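A quick note: this is a predicted structure, and the numbers were derived from the prediction, not measured. The chain is numbered in sequence order, starting from 1.
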Amino acid sequence: MLPLKEDDTYAVLSEQGMADGEERGFYRHDTRYLSRYVWKLPGFSLLVSETPRPDRLVQHWSRIEGPSQVVGLRRELVLERGGFRERLELENTSLQTQTLEIALEAAADFMDLFEARGWYTVQRTVTGFSYTAEDGLEVATHLDITPDSPGRSWRLTLEPKEQARVEVRGAFDSPFHAHGVELPSYEEWARRFPLHLESGRSQRVLEQAISDLRALLFSLPEGYFPAAGIPWFVCPFGRDSLLTAYMLLPWGADVARGVLTYLAKHQGQVVDPFRDEEPGKILHEVRQGELSRTGKVPFIRYYGTVDATPLFVMLLHEYWLTCGDFDLVRTLQPNWEAALQWMTTYADPDGDGLLEFSPNERGLTVQSWKDSGDSQSHRDGRLAQGPISVSEVQGYAYAAYRAAAQFYGVLGEEAKAEHWKARAAELRGVFHEKFWLPELGTYAMALDGDKQPLEVLSSNPGHLLWSGIVPEEVAPRLVRTLFSEPLWSGWGLRTLGTGEARYNPLSYHNGSVWPHDTALFAGGLARYGFYDEALKVSEALFRLAMTQHDLRLPELVGGYPKHEGEPPVPYPAACRPQAWDAAAVVYMLRLALEIGDKRPVQGLLEITR
C-alpha cells in the first residue's frame, strides 16, 4: 500500500502508484471519488518510486532497448485539499524518433468507505463521474487534462531530445466544506519540534514521524485535528486523537486545543442507544459517508467508547500543566464537568465505582482501545460476557478525578477539590482490591459482567503505570511481570501473553505488539522512576522503526520474539502512517528530556542541547 494525504483528501495506491482494485482509490469525506486511476504505459518499467513527503509521489518510468533508455518518463502526483494535480514529463533520450502510446483509465464508484472495507454492500447507479446519494446529496469528480483527449489516450511522436507533457487536475466536489485555518507548511510544522538527535538514524526516524504528523492533520473550524491513520481512519477520532495530542505536548499545543475544542463541541447531549450517545460522553468517531448519513451504520456521530471521556479530562489537565493555559480549562469547564458526571453515572450504572461498557451489536461490541470482538477473554479462552470493566480505563478515571481536584483547587472551590481527591483515592483502593492478581504479579485485563476477573497476562497494566493508579509498593513487581518473557517481545509489549489460550502473534489484539501501547508503558516507567527501563523501551521502539523501509512505526507488528538481524513480522493490514505511533516517537523524546534532567541519556535517544 502506498498512502498519500493532504488535509481531508487522501489516496490509497498500489506500490506502482495506481488505483487498480480492492480498497485502492482517491477518497474524501469517507467517500471514494476515484475507484480506478491507472496509467497504461506499454513498454515502460518503473525504476524509481518515492514519496519525499506524504502528500507527494515521484516516479521515474523508463523504456529501455538494449543497454540504454530510449524514452524516460517522470511522474509527479501531489495531493491537495479536495483533489490532486499530476504531471507526466516524457523525453526521448535516444538518437532516433520514438513513437509511443499512453492512456489513462479512470472511473468513479462513489463507494462509502465501509463498503470499500467489505463491511457493507449497496446497489447504486453512478453516471460517469457524478452521483446523487440516497439522501439527495450530490458528489462529483472532475478531471481536467492537458492536452485534452476524449478517450484519455495519447499517441506521441518524439524526435531525439524532444519532450512532451501531460497534466491532470482532479477535483472532488463534496457537500461538506467545514474548513478552518490553513494548515502549516511542512517546514513550519517541523520548526515546532526543536529536537535534534546525535544519532543520524534516530534523527531520520524523528523527521519521518514529524512529517507524517503534519500529513495526518486536517483543518476544522475548531482548529487542527489529527486523523487517526490511513487508509481507514481519516476522520475525527476520539481516543486516538486525544492520545496523539497528549504525546505531542508541549510542542503541539495547538493540536491539543483543536482536539479538545472539537470534542467539547460535539460532546454527547442525549441518550441514543443506536449511536451509544449519552449526556457528557466524548465521541468515538465522526463519519460523513452515505451509509452513516442514511443510518445504515451508526457512525455519523458515534460515541461507542468508554475511554475517550476520561482521556478528554486527562488531556486538558496535561495541556494546562505543560502550556500554562488555564483559560482553556475555564472555557471548557461545562464540558469537563459533564464528562465527570457521565463517568460517575452512565458509565457506572451499578454504582461500584468502576467504569464499564455494554456491547452494541450494531456498533462496537468492545469499546476500549482493544476494540476487536475477541480481545476480552478469560484464561481458558472464553470471551467475557455482559458489561465489561477494562482495567486501563479505571486508571484513566483515576487520573481524571485527580485532574478535577486540581482544576477546582485553582478555581478556589476547595470542597469540590476535596471531593474529587477522595473519589480518586477510593477508586484506587477499589481497583487494586478487585483487579490485582498476586499469583501472576499483574492486574486483570478486565472484569466481566459477573465481576469475575480476566486472569490473563496482557499489556493493559502498562497504561495503569502511565495513569498513576498503581500503588508504589506494587510497581516493582508489576514491572518485572511486564518485562517477563511472555509479554516482552524485544520490540515491545505483547497485547496478550504467549501462554494464554487466545494468544496469536499475528492477531489484532491477542498477542501482537502495538507501538503506542508500548509507548504509554514507557511513560508509566518514567513516572515511577524506572528510568533505565523507560529508555530500554523507548530505544526498542526506535529500533523497530529503523527496521521499516519507510522508517515509520507501523500500527502494529507480530508478537514473535525479536531475533538479532531480523525485522519484526509485519501485520498485513496495519495502517501507515498512524497518528499515535508517529506521536509516540515524539513522546519518547519528551521522556528522554525529562529523564535527562535527572541523569545522562546516551545512545539512540541522546538529544543535542
Side-chain angles (χ1 to χ4, degrees), residues 238-239 242 263 267-273 275-284 302-317 334-360 363-371 375-376 384-405 407-408 416-436 443-454 460-461 463-464 467-470:
R239 174 196 310 122
L242 287 161
L263 294 177
Q267 192 171 21
Q269 300 295 322
V270 300
V271 175
D272 182 347
R275 294 187 292 115
D276 282 320
E277 181 179 1
E278 291 160 343
K281 197 175 185 181
I282 297 299
L283 62 78
H284 179 261
Y302 183 58
Y303 292 83
T305 172
V306 71
D307 49 16
T309 306
L311 286 170
F312 174 85
V313 182
M314 287 181 69
L315 174 60
L316 180 60
H317 181 251
N335 304 100
W336 56 261
E337 287 183 329
L340 294 168
Q341 179 71 11
W342 177 82
M343 291 163 61
T344 55
T345 55
Y346 292 100
D348 183 19
D350 57 7
D352 66 352
L354 301 173
L355 276 63
E356 63 186 48
F357 64 84
S358 295
N360 181 343
L364 291 174
T365 56
V366 176
Q367 300 188 357
S368 57
W369 89 260
K370 294 180 180 177
D371 57 4
S375 68
Q376 305 298 312
Q385 301 296 318
I388 298 173
S389 302
V390 290
S391 61
E392 74 275 12
V393 173
Q394 317 314 318
Y396 303 162
Y398 169 79
Y401 296 158
R402 287 179 58 83
F407 292 163
Y408 282 122
K416 290 183 178 180
E418 288 301 319
H419 167 79
W420 289 106
K421 190 181 299 182
R423 179 102 193 192
E426 180 182 4
L427 173 57
R428 194 183 208 197
V430 168
F431 173 74
H432 187 73
E433 175 189 347
K434 294 188 176 184
F435 280 77
W436 179 246
Y443 288 94
M445 184 161 62
L447 303 183
D448 67 12
D450 294 325
K451 304 300 179 182
Q452 296 302 303
L454 276 55
N460 302 54
H463 295 232
L464 299 173
S467 67
I469 197 173
V470 178

Is the shortest heavy-atom distance from the side chain of [X] to the side chain of [Y] under 4.5 Å?
X	Y	answer
L364	V366	no
L464	F431	yes
Q367	N360	yes
L311	W369	no
S389	K434	no
Q341	Y346	no
L316	F407	yes

Go through E278 and W342 one step at a time and tell me if the side chain to side chain contact (heavy atoms under 4.5 Å, CB included) criterion holds. CA-CA 8 Å; E278 291 160 343; W342 177 82; 2.7 Å; yes
Taking atom [atom1] of [X] and atom [atom2] of [Y], what is their separation to the nearest 0.5 Å?
X	Y	atom1	atom2	answer
D307	F357	CG	CZ	9.5 Å
N335	L340	CG	CG	11.0 Å
Y443	S391	OH	OG	10.0 Å
D348	L354	CG	CG	7.0 Å
M445	Q376	CE	CD	4.5 Å
L447	I388	CG	CD1	10.0 Å

Less than 3.5 Å apart, any donor N or O on the side chain of Y408 or E337 sitting next to an acceptor on the other?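 Judged by distance alone, the side chains do pair up.
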Between N460 and E392, does any side-chain donor sit less than 3.5 Å from a side-chain acceptor?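 Side chains of N460 and E392: pair found under 3.5 Å.
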Closest non-hydrogen atom pair between [X] and [Y], with its separation:
X	Y	answer
A399	S467	CB-O, 3.9 Å
P310	M343	CB-CE, 3.8 Å
K421	A405	N-CB, 3.8 Å

Please check if the side chain of [X] supplies one atom and the backbone of [Y] the other of a donor-acceptor pair under 3.5 Å.
X	Y	result
Q394	L427	no
D276	Y303	no
D450	Q452	no

Of T309, I282, L283, the one forming a side chain to side chain contact (heavy atoms under 4.5 Å, CB included) with Q267 is I282
Measure the acute angle between the ring planes of Y396 and H463, then classify it against the limits of 30° and 60° as parallel, tilted or perpendicular.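 It falls in the tilted class, 30° to 60°.
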Over 60° means perpendicular and under 30° means parallel, so tell me whether Y302 and H284 are parallel, tilted or perpendicular. perpendicular
Heavy-atom count check: over 12 atoms from other residues, nucleotides or ligands less than 6.0 Å from R239 CZ?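 Correct, the count exceeds 12.
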Side chain to side chain donor-acceptor pair (under 3.5 Å) against Y401, all qualifying residues, sequence neighbours excluded: none
Any residue meeting salt bridge (charged side-chain N to carboxylate O under 4.0 Å, His left out) with D272, in chain and number order, not counting sequence neighbours: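 Partners of D272 by the salt bridge (charged side-chain N to carboxylate O under 4.0 Å, His left out) criterion, ordered by chain and then number, come out as R275.
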Salt-bridge contact K451-E356 (side-chain N to carboxylate O under 4.0 Å): yes
Are R423 and E426 close enough for a salt bridge, meaning some N to O gap below 4.0 Å? no
